[in-house]
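Notes follow the structure.
This one's a predicted model, so the numbers in the text were calculated from it and none came from an experiment. First the proteins, then the strands, lettered A, B, ... as listed; each starts at 1.
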Amino acid sequence: MRPVKRVRITQPSPTEKPTFPRLYSALRDHYGQQDWWPGDSPFEVMVGAILTQNTAWSNVEKALANLVAADVLSLTHMLRLPEPDLAALIRPAGYFNLKARRLQNLCRWLHNCGGVMALSSWETGRLRDALLGVNGVGMETADDILLYALDRDVFVVDSYTRRFFARIGITDGGDAYDSLRATVERELGGGARVFAQFHALIIAHGKALCRKKPLCDTCPLRSICAFVRASA
DNA sequence: ACCCAGGGTCATA
DNA sequence: TATGACCATGGG
């Protein structure tokens with residue numbers, strides 16, 4: 001009989017390519033539960049998704065606070081707010097004229113759909129296509145909305161995620177958006193909760209440690225980093 | 001004075 | 001398909 005193969009539990013071999021489930025476990029064990037996208041309502045999350053385009057979240061918070069103070073952070077109120085007024089309120093988020101128009105585009109689409117609640121009967125793929133049809137909503141923004149506002153089983157790929165995966169060596173960095181998204185959804189699995197955690201964990205890791213450092217000796221994900229070293 | 005941050009659209013080749 | 005210009009604020 002063949003010898004029993006010992007399974008390595010805590011330290012995977014450095015020559016073994018990391019998988020998405022292993023990467024997820026390692027991140028979760030080190031950073032714990034993330035509560036990444038604050039928002040009191042799906043509509044507020046949607047608004048945040050537009051406002052955060054190429055913009056630091058700290059600036060988005062100021063814009064959202066202005067909207068709350070003006071009592072226009074709801075579909076019906078924002079819908080009838082003149083665009084210049086909206087632009088003035090979201091000024092701290094940058095690109096305020098552009099984003100005011102994009103928010104109004106989103107509001108008009110939501111209104112035509114019969115409101116946010118009416119979206120619950122839509123199949124995810126059809127909903128994604130419809131969102132992408134709104135001028136100002138690209139793939140990442142659409143997926144932010146699907147995952148964080150509507151709780152759909154979608155993984156969000158942002159430029160940060162792309163860099164991180166390429167650095168770890170789990171992808172080559174040249175994948176198209178949809179290809180990478182589908183790969184993570186298939187190979188990681190677990191649905192909306194897991195996808196939301198994974199994306200948040202990647203950002204948490206980046207902000208904590210690996211920004212502007214090719215590799216880090218203090219990286220808590222030693223097994224992953226060891227692989228990168230071995231394959232560098 | 002830079003550089004960048006939780007992007008997307010549009011014009012051009 | 002693939003670049004480049006453009007949008008604009010605030011924090012490091």
Could you tell me if the ring centre of A:F20 sits under 6.0 Å from that of A:F165? yes
Chain A vs DNA chain C, heavy-atom contacts under 4.0 Å, first-to-last nucleotide span, 5' to 3', is C:dC7 to C:dG11
Quick one: side-chain contact (heavy atoms from CB on, under 4.5 Å) partners of A:D29, sequence neighbours excluded? none
Going by side-chain heavy atoms closer than 4.5 Å, which hydrophobic residues are tied to A:L98, directly or by a chain of links? A:Y95
With a sphere of 6.0 Å drawn around CZ of A:R193, does it hold more than 12 non-hydrogen atoms of other residues, nucleotides or ligands? no
Can you tell me how far P of B:dC4 sits from CG of A:N59, to the nearest Å? 16 Å
Mind checking if A:K99 touches a base, just sugar-phosphate, or nothing, with heavy atoms under 4.0 Å? nothing
Near A:D40 CG, under 6.0 Å, is it more than 12 heavy atoms from other residues, nucleotides or ligands? no
Pick the P atom in B:dC10 and in C:dA8, then give their distance to the nearest Å. 15 Å
In terms of side-chain heavy atoms, does A:T141 have a donor or acceptor partner in A:Q53 at a distance below 3.5 Å? yes
A:I90 side chain near A:L103 side chain, heavy-atom distance below 4.5 Å: yes
Give me the atom names and distance for the closest heavy-atom approach of A:G32 to A:L201. O-CD2, 3.5 Å
Could you give all pairs that pass the ring-ring contact (aromatic ring centres under 6.0 Å, His included) test and reach residues 108-155 of chain A, with sequence neighbours left out? A:W36-A:Y148, A:W37-A:Y148, A:F155-A:F198
Pairing string, 5' to 3', for DNA chain B - Watson-Crick or wobble contacts under 3.5 Å, brackets [ ] where pairs cross, | to another strand: .||||.|||||||
Output a table of donor-acceptor pairs, distance under 3.5 Å, between side-chain atoms of residues 63-76 of chain A and any protein atom two or more places apart or on a different chain; print 'none' if there are none.
{"unit_1": "A:N66", "atom_1": "ND2", "unit_2": "A:L89", "atom_2": "O", "d": "2.9"}
{"unit_1": "A:S74", "atom_1": "OG", "unit_2": "A:H77", "atom_2": "N", "d": "3.4"}
{"unit_1": "A:S74", "atom_1": "OG", "unit_2": "A:H77", "atom_2": "ND1", "d": "3.0"}

Inter-residue atom distance A:E185.CD - A:L180.CG, 0.5 Å rounding: 10.0 Å
Pairs involving residues 122-142 of chain A, ordered by first then second residue, that meet salt bridge (Lys or Arg N to Asp or Glu O under 4.0 Å) (sequence neighbours left out): A:R128-A:D143, A:R128-A:D178
Do nucleotides 7-13 of chain B as a string where each nucleotide becomes B, S or -: B if the base has a protein heavy atom under 4.0 Å, S if just the sugar-phosphate does, - if no protein is that close. BBSS---
My understanding is that only residues two or more places apart in sequence, or in another chain, count here; which of them pass salt bridge (charged side-chain N to carboxylate O under 4.0 Å, His left out) with A:E44? none
Take atom P in C:dA5 and the same atom in B:dC3, then report the distance between them in whole Å. 15 Å
Using the P atom as the point on both nucleotides, what is the distance between C:dG4 and B:dC4, in whole Å? 16 Å
Using distance alone, with no hydrogens and no angle criterion, decide if A:N105 and A:R102 have a side-chain donor and acceptor under 3.5 Å apart. no
Can you name the side-chain contact (heavy atoms from CB on, under 4.5 Å) partners of A:A87, sequence neighbours left out? A:F96, A:N97, A:A100
Separation of atom CZ in A:R162 from atom C1' in B:dG6, rounded to whole Å: 14 Å
Test item: side-chain donor near acceptor, A:D158 and A:T161, under 3.5 Å: yes
Considering only atom P, compute the distance from B:dG6 to C:dA2 and round it to an integer number of Å. 26 Å
Near DNA chain B, under 4.0 Å by heavy atom, which residues of residues 192-203 of chain A? none
Can you list, in residue-number order, the parts of residues 35-43 of chain A that come under 4.0 Å of DNA chain B, counting heavy atoms only? A:W36, A:W37
